[in-house]
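A note on names: the letters A, B, ... follow the listed sequences, proteins ahead of strands, and every chain is numbered from 1. Keep in mind the model is a prediction, meaning the values are calculated, not measured.
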Amino acid sequence: MPEKNKEPNVEEINEVLTKRAIAFPTAEIYGGVAGIYEYGPVGTMIRQKIMSLWRSFFVWSEDNVFEIEGSLLLPEPVFKASGHLDTFNDPLVQCEKCKSMFRADHLVEDTTGERADALSLEELEAKIKELNIKCPKCGGPLGEPRQFNLMFGTYIGATKGHPAYLRPETAQNIFLDFRRVAHAMRATLPFAIAQIGRSFRNEIAPRNFLVRMREFTQMELEIFAHPEQLNDHPNFYEVEDKIIRLLTREMQKKGETEPMSLTIKEAFEKRYIPNQFMAYYIAKEAMFIEELGIPTDNFWFRELLEEETAHYSAANFDLEIKTPMGIIECVGNAYRQDYDLSKHSKYSKTKLVIQYKNKPVVPHVVEPSFGLDRIFYILMLVSYRGEEDRKWSWFKLPPHIAPFHVKVCPLMKKDGLDDAAYEIYQELKDSFDVIYDQTGSIGKRYARADEIGIPYCITIDYNTLENDTVTIRDRDTMEQIRVSHEDLDEVLSLLIDEGESWENIKEDFGLPEPKE
RNA sequence: GCGCCGGUGGUGUAGUGGCUAGCAUUAGGGCCUUCCAAGCCCUCGACCCGGGUUCGAAUCCCGGCCGGCGCACCA
């Protein structure tokens, strides 16, 4: 969750995101809706690249990971089973005098010292009366407790048919589809089902732009493993030396705030992380976040405190990232055990088991859940560069995440430079995300490229017509080198796909600038 | 949800009861231009929404919406 120490430039960044139509309020011509946002062309392209990187990390490079796309609208019984109908209903009371809102169950708990989260509204009201609980703030009388449901509800069918809800998490579809997918894909333990999709929560107070949204995108993975297999991940050796930063529950209780650094192997062997499957994914998450260009020092995994932990989860680790607007949680890891499959099995009267060594077993579930919008927003926040070092703001996005890899410009739109440039643009289109720009001065076009984080600009000048060379301008250094047209594809592919450094490219491919 | 503050072209702003609603920038078009937001000309574009007060409302009042901050909330 974001902390309060906002730096002044967050609003500036939000403004740039809106101005450039990267992300902006939904239905803004009607005044907008709190907590719902649109992504414009540039935002969409960046998000596609994050999703694609996620797939390559967690789906394509793994064995036995099956991606699905579930429906957003699910019938009520699903949420009776999952527990969301109960736990997503927060009982709130309002002070009749100062209008402050409180959790009714929390007030009762604070007064009695006993758990009250299972009490009904009527019971809570009775307790409040009985114990004569007053407003903790002003001592005024409290009103009746009301349910505040965080799910968006509706009805399926023309005449008040079946109650249904927009899913509050993507996970449920995976459990619902578990049996059919496992069967059809001939899955054997361990295996995983992945999903990228929208979820909906009717937040009481959405805030902080893309951090707390009412409609948001999750990238989730439910990993199914035999309960006795949880410390035996087949590929753990591949990640075991990965160093992560970790803040355990113990450390937090002692008031420590600085995470420790250790290898994932050590974190697992000391049982800071309760099972090897979870450890494996935590290591991969760290690699994924680094691949997005977030420095290792800026993120860590924090074990949630008991009171922050959901009832079904035996262990929770959040990946938290330090940003200009505070600490933002962007991945949640939960060990859901057999909670979901057992519940759905019971409520649906369907056996949700899989065969393992000729015996039926209810697998245990490890769940890494990524908030795509938050990851996207964090990337924009941390890559943002204000107007200190140049006369315009820019985004230092990693080349492979940038909306466009390359902008192609004719130095001027005459003398055939424009035609030559357009030809090179068409040619590069096959391998890269390219945009063509011939309007305005060349400096202005470089500035426009910087503003949306395009890492490289190719400029076609009079030398191109003479000796078939072009210049490449590097966003980060603003330096320019000349390379031969022939090498262009290779140079760009080294820079963008291979992550080759600008310095090395300069050395290996840079040509001397021809004399006037 | 509560409280405080705010809302004028895409963006930043000027405008304290009577303006043809001004400026800068962006964007589109044109001229010019041999590498980092050059210059010149033309053009598009705004008073958040709904009521009320008033001869007259961007301006005052009420309600709503949106945003910021604080509180509460965040399975």
Side-chain angles (χ1 to χ4, degrees), chain A residues 1-2 4 6 8 10-12 14-21 24-36 40 79 82-95 97-103 106-107 117 135-138 143 146 148-151 168-169 171 199 201-209 211-214 308-313 316 329 332 334 387 390-394 409-415 417 439-451 457-465 471-475 477-480 482 513 516:
Chain A
M1 280 296 105
K4 282 137 203 173
K6 281 196 170 187
V10 170
E11 273 201 61
E12 180 185 321
N14 293 348
E15 188 190 301
V16 170
L17 292 174
T18 305
K19 186 161 68 177
R20 295 273 126 203
F24 53 94
T26 287
E28 59 175 341
I29 62 169
Y30 289 102
V33 191
I36 307 184
F79 301 110
S82 70
H84 285 95
L85 265 186
D86 299 325
T87 58
F88 256 61
N89 271 309
D90 286 336
L92 299 181
V93 278
Q94 187 167 27
C95 170
K97 197 169 145 202
C98 74
K99 309 286 183 204
S100 302
M101 303 282 289
F102 303 95
R103 281 278 295 268
H106 288 181
L107 289 180
D117 51 1
C135 171
K137 212 166 160 188
C138 73
R146 285 179 296 155
F148 196 96
N149 197 322
L150 259 41
M151 286 196 292
E169 60 175 13
S199 292
R201 294 177 193 180
N202 202 354
E203 294 283 352
I204 299 171
R207 217 170 261 197
N208 297 323
F209 203 21
V211 175
R212 268 178 83 185
M213 297 163 78
R214 287 186 165 133
E308 296 175 297
T309 306
H311 53 290
Y312 54 73
S313 182
N316 284 85
E329 167 219 330
E387 298 186 12
R390 35 191 99 166
K391 280 177 264 169
W392 52 91
S393 68
W394 55 292
C409 306
L411 186 56
M412 289 177 297
K413 53 177 172 186
K414 63 174 190 185
D415 299 335
L417 292 175
T439 315
S441 72
I442 191 70
K444 191 170 201 161
R445 284 176 272 158
Y446 291 156
R448 280 199 286 248
D450 285 355
E451 274 183 324
C457 290
I458 311 290
T459 301
I460 280 64
D461 58 12
Y462 288 94
N463 289 307
T464 310
L465 304 182
T471 63
I472 305 181
R473 180 251 191 201
D474 174 51
R475 175 198 64 199
T477 59
M478 294 173 79
E479 286 176 354
Q480 216 163 17
R482 184 170 293 278
E513 207 50 35
E516 294 285 309

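For B:A46 and B:U13, the C1' atoms lie 12 Å apart once the distance is rounded to whole Å. Of the P atoms belonging to B:C44 and B:C55, the separation is 37 Å, rounded to the nearest Å. Across the C1' atoms, B:C49 and B:A14 are found 24 Å apart, a figure rounded to whole Å. Across B:C48 and B:C31, the matching P atoms stand 39 Å from one another, rounded to whole Å. Distance check on atom P: B:C36 versus B:U20 gives 46 Å, rounded to whole Å. Using atom C1' as the reference point in both B:G3 and B:G10, the two lie 33 Å apart (nearest Å). Distance noted for atom C1' between B:G45 and B:A57: 23 Å (whole Å). Taking the C1' atom of each, B:C19 and B:C5 are spaced 29 Å apart, rounded to whole Å.
Distance alone, capped at 3.5 Å, is enough to place a donor-acceptor pair between the A:D474 side chain and the A:T477 backbone. Between the side chain of A:R20 and the main chain of A:G40, no donor-acceptor pair closer than 3.5 Å is present. For the pair A:S313 (side chain) and A:T309 (backbone), a donor-acceptor distance under 3.5 Å is absent. Judged purely by atom type and a 3.5 angstrom limit, A:D461 uses its side chain to pair as donor or acceptor with the backbone of A:T464. The backbone N or O of A:A34 lies less than 3.5 Å from a partner atom in the side chain of A:R214, making a donor-acceptor pair. With hydrogens and angles ignored, the 3.5 Å screen pairs no side-chain donor or acceptor of A:D415 with any backbone N or O of A:L417. A donor-acceptor contact shorter than 3.5 Å links the side chain of A:R445 to the backbone of A:P410.
The side chain of A:K19 lies closest to B:U11 when the candidates are B:U33, B:U11, B:C73. Picking from B:U34, B:G30, B:C36 the nucleotide with the shortest atom distance to the side chain of A:K413 gives B:G30. In this structure, of B:G67, B:C74, B:C35, it is B:C35 that holds the atom nearest to the side chain of A:D461. Closest contact between the side chain of A:E15 and the listed nucleotides B:C74, B:G12, B:A37 involves B:G12. With B:A72, B:A38, B:C66 as the candidates, the nucleotide lying closest to the side chain of A:V33 is B:C66. Proximity note for A:Q480 (side chain, C-beta onward) versus B:A37, B:C36, B:A38: the nearest is B:C36.
For A:Y30 against B:C48, no side-chain N or O and base N or O form a donor-acceptor pair under 3.5 Å. Residue side chain A:R207 does not reach the base of B:C73 through any donor-acceptor N/O pair under 3.5 Å, judged by distance alone. Under 3.5 Å, the side chain of A:T471 and the base of B:C35 form at least one donor-acceptor pair of N or O atoms. One donor-acceptor pair, N or O on each side, does fall under 3.5 Å between the base of B:C36 and the side chain of A:R473. With hydrogens and angles left out, the side chain of A:E451 and the base of B:A37 share a donor-acceptor pair within 3.5 Å.
Spacing between atom CG of A:N316 and atom C1' of B:C74 amounts to 14 Å, rounded to whole angstrom units. For the pair A:R448 CZ and B:C35 C1', the interatomic distance rounds to 15 Å; values are reported in whole Å. In this structure, A:E28 atom CD and B:G9 atom P are separated by 11 Å, rounded to whole Å. Straight-line distance from the CZ atom of A:R20 to the C1' atom of B:A37: 11 Å, rounded to whole Å. A straight line from CZ of A:R445 to C1' of B:A38 spans 13 Å, rounded to a whole angstrom. As a whole-Å value, the separation of A:H84 NE2 from B:C74 P is 14 Å. One interatomic measurement links the two molecules: CD1 of A:I442 to P of B:G39, which rounds to 17 Å at whole-angstrom precision. Between the CE atom of A:M213 and the C1' atom of B:C73 there is a distance of 19 Å, given to the nearest Å.
Nucleotide B:U16: unpaired (no Watson-Crick or G-U wobble partner with both distances less than 3.5 Å). Remark: B:C71 base-pairs with B:G1. Criterion, Watson-Crick or G-U wobble with two distances under 3.5 Å. Judged by Watson-Crick or G-U wobble contacts below 3.5 Å, the nucleotide B:A57 has no partner. Figure legend. B:A24 is base-paired to B:U11; pairs are counted as Watson-Crick or G-U wobble with both atom distances under 3.5 Å. Across the strands present, B:G45 finds no partner; the criterion is a Watson-Crick or G-U wobble pair with both atom distances under 3.5 angstrom. Taking a pair to require two hydrogen-bonding distances under 3.5 Å in either a Watson-Crick or a G-U wobble arrangement, B:G39 pairs with B:C31. Here B:C66 sits opposite B:G6 as a Watson-Crick or G-U wobble pair (both hydrogen-bonding atom distances under 3.5 Å).
Note on A:A205: a base of the nucleic acid sits closer than 4.0 angstrom, heavy atoms only.
Dashed line: the shortest gap from a side-chain N or O of A:K414 to OP1 or OP2 of B:U33 is under 4.0 Å.
Mapping A:P25 and A:E387 onto RNA chain B via the closest heavy atom, the residue that lands nearer the 5' end is A:E387.
A salt bridge does not link A:K391 with A:D450: none of the charged nitrogens is closer than 4.0 Å to a carboxylate oxygen.
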